[in-house]
Amino acid sequence: MFACVCVYCAFSGIGLLCLACRNMQRAEAARQALLVSHPTAQATLLHLDVGNMRSVLRAAEEFKQMCNRLDYLYLNAGIMPNPRVDHKAFYKGLFSSNVVCMFATGEGILTQEDKVTPIGLQEVFATNLFGHFLLVKELEPLLCQIDHNSLVIWRSSNNAQRSAFSLDDIQHQKGREPYSSSKYASDLLSLALNCHYNNRGLFSSVICPGLVMTNLTYGILPSFFLALILPVMWLVEGYSPYNGAEALFWLFMQKPESLDPMAKYHSLTSGLGNNYTQPHKMDIDENMSEALYVKLLELEDTVRKKLRDEDLDIKTKN
Ligand SMILES: NC(=O)C1=CN([C@@H]2O[C@H](COP(=O)(O)OP(=O)(O)OC[C@H]3O[C@@H](n4cnc5c(N)ncnc54)[C@H](OP(=O)(O)O)[C@@H]3O)[C@@H](O)[C@H]2O)C=CC1
Ligand SMILES: CC(C)=CCC[C@@H](C)[C@H]1CC[C@H]2C3=C(CC[C@]12C)[C@@]1(C)CCC(=O)C[C@@H]1CC3
């Protein structure tokens with residue numbers, strides 16, 4: 001996976017793709033690869049560490065200097081630090097009726113170790129959800145325009161589980177499944193964005209790539225081990241980055257207003273190896289989604305205030 005956040009924007013009739021990434025070397029490599037396959041594409045790079053709120057504000061500002069319109073915002077970045085398979089839960093699941101679901105979603109068998117960022121947010125929450133939320137808020141004037149509809153796409157997961165998420169602990173400070181919690185929160189947030197912004201031309205949608213062999217999954221088990229269980233995984237879902245991108249590609253071809261706000265669009269592969277996209281109803285409700293949205297707005301105020309105070313401190317010291 002080449003970029004953290006991929007933004008497509010079009011102005012003066014010319015399409016522009018903006019890859020926002022924290023590692024500029026990888027970003028440049030991705031840009032070059034893109035230009036090889038699409039020589040006429042206009043692709044630009046932007047530095048963005050989505051777990052660092054100051055970087056989010058700076059990147060959004062730079063983007064606004066570059067463009068006055070934004071059609072698609074693809075929120076891809078995600079981390080799963082120090083993942084562990086809970087072997088006890090795994091063997092229990094193996095002999096239960098939940099075994100297929102366990103292999104398809106990793107429900108209940110995957111734990112991670114989270115940490116706190118310098119600004120005081122849980123790292124997984126900050127990277128997988130809050131940084132993206134702040135970016136959407138910052139880019140709101142470009143996304144909400146009267147003459148066209150825009151689409152925000154969240155890269156969620158089938159590991160997004162209601163059981164891992166709590167409204168009393170939206171950052172998942174107390175649990176051991178911050179990844180699952182953050183992905184469930186993104187499903188809820190997508191619905192809330194639709195409720196609050198559809199009348200202003202902003203639409204939000206959620207995709208799931210299935211299980212894709214990337215740095216993220218190689219952190220869970222050694223690659224040779226994952227390769228051994230691939231035939232089993234293949235039976236339950238697709239497993240290459242190309243297959244995983246199917247739903248994203250499909251979404252780009254749809255009218256934003258035609259998408260179902262309650263659906264997660266899954267990339268799937270048939271037994272014959274054909275890729276297709278299928279909407280699955282998400283296990284979310286409007287009340288919970290609204291409650292999370294209110295909490296995120298409060299947290300946004302707190303974070304912005306902290307950043308302003310830090311700036312003031314630096315100014316008074318100089
Ligand atoms: N692999 C899978 O099976 C599945 C993955 N997903 C989701 O897909 C997305 C991509 O993950 P995947 O490609 O698998 O894993 P990778 O670890 O290979 O890629 C993660 C991407 O996120 C970027 N990233 C991480 N943290 C930050 C940050 N703080 N600021 C900017 N960019 C950041 C990484 O950038 P850098 O190159 O700088 O490290 C990298 O491009 C994630 O949201 C993940 O949760 C969902 C379902 C299944
Ligand atoms: C023999 C043994 C210990 C097998 C364990 C299998 C698990 C490693 C996989 C079963 C389902 C997988 C899965 C993911 C990671 C690997 C598994 C847990 C994800 C959680 C990876 C990231 C996602 O976003 C969704 C994936 C769902 C399925």
Side-chain angles (χ1 to χ4, degrees), residues 1-6 19-30 45-56 59 74-81 83-94 98-112 117 121 123-132 135 153-161 164 177-180 182-184 186-187 206-223 225-230 232-241 243-245 247-248 264 266-267:
M1 187 51 57
F2 54 84
C4 149
V5 179
C6 173
L19 307 177
C21 316
R22 68 177 166 180
N23 182 327
M24 296 314 276
Q25 251 174 326
R26 281 191 199 166
E28 184 51 35
L45 303 179
L46 198 61
H47 182 261
L48 169 65
D49 176 349
V50 79
N52 174 340
M53 300 313 133
R54 210 175 272 287
S55 169
V56 173
Y74 172 45
L75 305 167
N76 172 65
I79 54 167
M80 184 193 270
R84 296 267 175 281
V85 176
D86 180 337
H87 287 99
K88 219 172 135 190
F90 175 74
Y91 291 118
K92 216 173 146 193
L94 208 52
N98 210 27
V99 59
V100 174
C101 175
M102 182 183 82
F103 273 104
T105 67
E107 182 181 359
I109 59 169
L110 217 53
T111 63
Q112 304 90 37
T117 64
L121 298 173
E123 191 188 25
V124 175
F125 169 82
T127 309
N128 296 6
L129 186 87
F130 192 71
H132 293 307
L135 187 66
I153 303 169
W154 297 82
R155 184 145 160 150
S156 181
S157 159
N158 45 21
N159 190 243
Q161 302 291 335
E177 295 176 90
Y179 180 82
S180 178
S182 69
K183 292 294 175 184
Y184 186 75
S186 72
D187 297 353
V206 182
I207 56 167
C208 171
L211 176 64
V212 187
M213 293 304 149
T214 63
N215 288 339
L216 186 137
T217 35
Y218 290 139
I220 302 170
L221 287 175
S223 48
F225 198 89
L226 281 170
L228 281 179
I229 60 163
L230 269 187
V232 180
M233 302 309 300
W234 193 75
L235 285 175
V236 276
E237 49 197 323
Y239 61 88
S240 80
N243 296 351
L248 177 65
K264 185 179 290 183
H266 288 248
S267 298

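Counting starts at 1 for both ligands and their atoms, in listed order. Please read all numbers here as calculations on a predicted model, not as lab measurements.
Both the backbone and the side chain of Leu216 come within contact range of ligand 1, each with a heavy atom under 4.0 Å. Looking at Thr217 against ligand 1, only its side chain comes within 4.0 Å, counting heavy atoms. Of all the heavy atoms of Met80, none lies under 4.0 Å from any atom of ligand 1, so neither backbone nor side chain is involved. The proximity of Lys183 to ligand 2, defined as any non-hydrogen pair under 4.0 Å, does not occur for either the backbone or the side chain. Using a 4.0 Å cut-off between heavy atoms, Thr127 contacts ligand 1 through its side chain alone, with no backbone atom that close.
Shown in contact with Asp49 at under 4.0 Å from a heavy atom are these atoms of ligand 1, numbered in order with element: 28 (C), 29 (N), 30 (N). When each atom of ligand 1 is checked for a heavy atom of Ile79 under 4.0 Å away, the hits are 25 (C), 26 (N). Here is the list of ligand 1 atoms found below 4.0 Å of a heavy atom in Leu48: 30 (N), 31 (C). Here is the list of ligand 1 atoms found below 4.0 Å of a heavy atom in Asn23: 38 (O). Residue Arg155 has at least one heavy-atom neighbour below 4.0 Å for each of these atoms of ligand 1: 6 (N), 7 (C), 8 (O), 9 (C), 10 (C), 43 (O). The ligand atoms of ligand 2 that sit less than 4.0 angstrom from a heavy atom of Met102 are 11 (C). Atom numbering of ligand 2 starts at 1 in the shown order; those under 4.0 Å from a heavy atom of Ile220 are 15 (C), 16 (C). Under a 4.0 Å criterion applied to the non-hydrogen atoms of Leu211, ligand 1 contributes the atoms 3 (O). Interface atoms of ligand 2 facing Leu110, defined by a heavy-atom separation under 4.0 Å, are 20 (C).
For Cys21, the heavy-atom gap to ligand 1 stays at 4.0 angstrom or more. Heavy atoms of Gly210 approach ligand 1 to within less than 4.0 angstrom. Within the structure, ligand 2 has Ala104 among the residues with a heavy atom less than 4.0 angstrom away.
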Run the numbers on Asp86 and Thr111 for side chain to side chain donor-acceptor pair (under 3.5 Å), then give the verdict. CA-CA 7 Å; Asp86 180 337; Thr111 63; over 6 Å; no
Let me see the working for Phe103 and Leu94 under side chain to side chain contact (heavy atoms under 4.5 Å, CB included), right down to the final yes or no. CA-CA 9 Å; Phe103 273 104; Leu94 208 52; 3.7 Å; yes
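The N/O atoms of Ser157, backbone and side chain alike, include one that comes under 3.5 Å of an N/O atom in ligand 2. Looking at Tyr179 next to ligand 1, an N or O pair under 3.5 Å apart turns up. Residue contacts with ligand 1: Val212 is placed with a nitrogen or oxygen under 3.5 Å of a nitrogen or oxygen of the ligand (distance criterion only). An N or O contact shorter than 3.5 Å links Tyr179 to ligand 2 by distance. At least one N or O atom of Thr214, backbone or side chain, sits closer than 3.5 Å to an N or O atom of ligand 1.
Using a 30° and 60° split on the angle between ring planes, Phe125 and Phe130 fall in the parallel class, below 30°.
At least one donor-acceptor pair under 3.5 Å links the side chain of Ser180 to the backbone N or O of Gln161. A side-chain donor-acceptor contact under 3.5 Å links Asn158 to the backbone of Ala104. Side chain of Ser186 to main chain of Leu129: no donor-acceptor pair is present (N/O by atom type, distance under 3.5 Å, no hydrogens or angles). A donor-acceptor pair is defined here as one N or O able to donate and one able to accept, closer than 3.5 Å; no such pair exists between the side chain of Thr117 and the backbone of Glu123.
To the nearest 0.5 angstrom, Leu46 atom CG is 6.5 Å from Leu48 atom CG. Here CD of Glu177 is found 7.0 Å from CD of Gln112. Values are rounded to the nearest 0.5 Å.
Nearest heavy atom pair, residue Gly219 against residue Pro83, reads O-CG, 3.3 Å. Taking every heavy atom of both residues into account, Leu45 and Glu28 meet most closely at CD1-OE1, 3.3 Å. Across all non-hydrogen atoms, the minimal contact from Thr127 to Gly51 is OG1-CA, 3.8 Å. The nearest pair of heavy atoms linking Gly93 to Met102 is CA-SD, 3.7 Å. Minimum interatomic distance between Cys21 and Ala27 (heavy atoms only, all atoms of both residues): SG-CB, 3.5 Å.
Nearest-residue assignment for atom 46 (C) of ligand 1 (options Ser156, Ser186, Ala59, Ala29; heavy-atom criterion): Ser156. With distances taken over non-hydrogen atoms, the option nearest atom 18 (O) of ligand 1 out of Asn215, Asn128, Val50 is Asn215. Between Ser182, Ala77, Gly51, Gly131, it is Ala77 that holds the heavy atom closest to atom 24 (N) of ligand 1. Closest heavy-atom approach to atom 22 (C) of ligand 2 within the set Asn158, Leu94, Leu216: this belongs to Leu216.
When each of Asn128, Leu216, Val124 is paired with Met80, the side-chain contact (heavy atoms from CB on, under 4.5 Å) condition holds for Leu216 and for no other.
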